[in-house]
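In what follows, a single structure is set out as structure tokens and then discussed.
For clarity, every value in this text was computed on a predicted model and none was experimentally measured. Computed over heavy atoms, backbone and side chain alike; hydrogens, waters and symmetry mates excluded. Every number for a ligand or one of its atoms is a count from 1 in the order of the listing.
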Amino acid sequence: MTAIGGTLGIHHITAMAGDAQANVDFYTRVLGLRLVKRTVNFDDPATYHLYFGDHDGTPGTILTFFPWGAKSLRGRIGTGQVSATAFAIPSSSLSFWTDRLKRLDVSTQTASRFDESVLVLRDRDGVAIELVAAAGTESIPGWSNGDVPPEHAIRGFHSASLSLAGYERTAHLLTDILGFTASGDANNRFRFAVAGAGMGLRLDLVCEPGRMRGSMGVGVVHHIAFRAADDAAQLALRERLVDASHDVTPVLDRHYFKSIYFREPGGVLFEIATDPPGFAIDESPAELGTHLKLPPWLERHRSEIEKHVAPLAVAPSNNP
Ligand code: ZN
């Protein structure tokens, strides 16, 4: 049972990249995701904000990046961060992805976790990515740009791992307010899940008191966002977080969703983002990702912004 007013699972995950073009190439050409929006970081409009996901950028499928430039300082993955972002692939697709990644010069390791096989890899900037061969994934339609056959396509998030020095207070936040329930543990990994449909229903808290604290920079996750069905659900969650003494921002308009942010007890930056309005608010579904889109309040600065962000080459297969 989802707790009343809980979240619906993972909405998006945002990480820091180096070179923007290399970032686009890896996620669209290697992993076969769709670039669903090219905009800028609303808090730092000289930097791109690139969104990758399924055809529509459905909540639960969206990995986003702030590309800081090829020469930017690299971060360190550690405690107080999302330490791995896991995508779901069909259980029959493991050998396809193993072969494909090897051919594309991406080294992988195989792991087994809660009876599922996991391909562990890093993107070109060192962001920790996992492909989980998950039972039941076959029945979810996959989006394909032609590089990856639809039957093998990434379907969206399987889960994310949080590296924490201690996990109990974060666990309480998940179960008491965010609508998760404990769904298993193995060694130092504690899995939580929300009931419901869609992707990104699981979150793993990994208790690693001996690991170094993470530092911000290229190759690390900046924050993880959870889904609120609408504005009212988000406000209700905000009220409960404030009542529980979390330091939550006011509601911010992110154009494609509305957001609130707070730091969970283990140090990870959490966001609650609304499902609506979504990415089709300023581009047709067929054209998603083809133009630099700016929210109304940045549109008057467009010529200045365009001087700071380099043009991007995106394969036509992104918009078949
Ligand atoms: Zn976000």
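- The nearest N/O/S atom of H223 to the Zn ion (ligand 1) is NE2.
- R189 CZ to R113 CZ: the interatomic distance, rounded to the nearest 0.5 Å, is 3.5 Å.
- For Y27 and F52, the gap between ring centers is short of 6.0 Å.
- Aromatic ring orientation, F157 versus F87: parallel (interplanar angle below 30°, classes split at 30° and 60°).
- Contact annotation: H222 places no N, O or S atom under 2.8 Å from the Zn ion (ligand 1).
- In terms of distance to the Zn ion (ligand 1), the nearest N, O or S atom of E271 is named OE1.
- The minimum heavy-atom distance between H291 and E283, with the atom names listed, is N-OE2, 3.3 Å.
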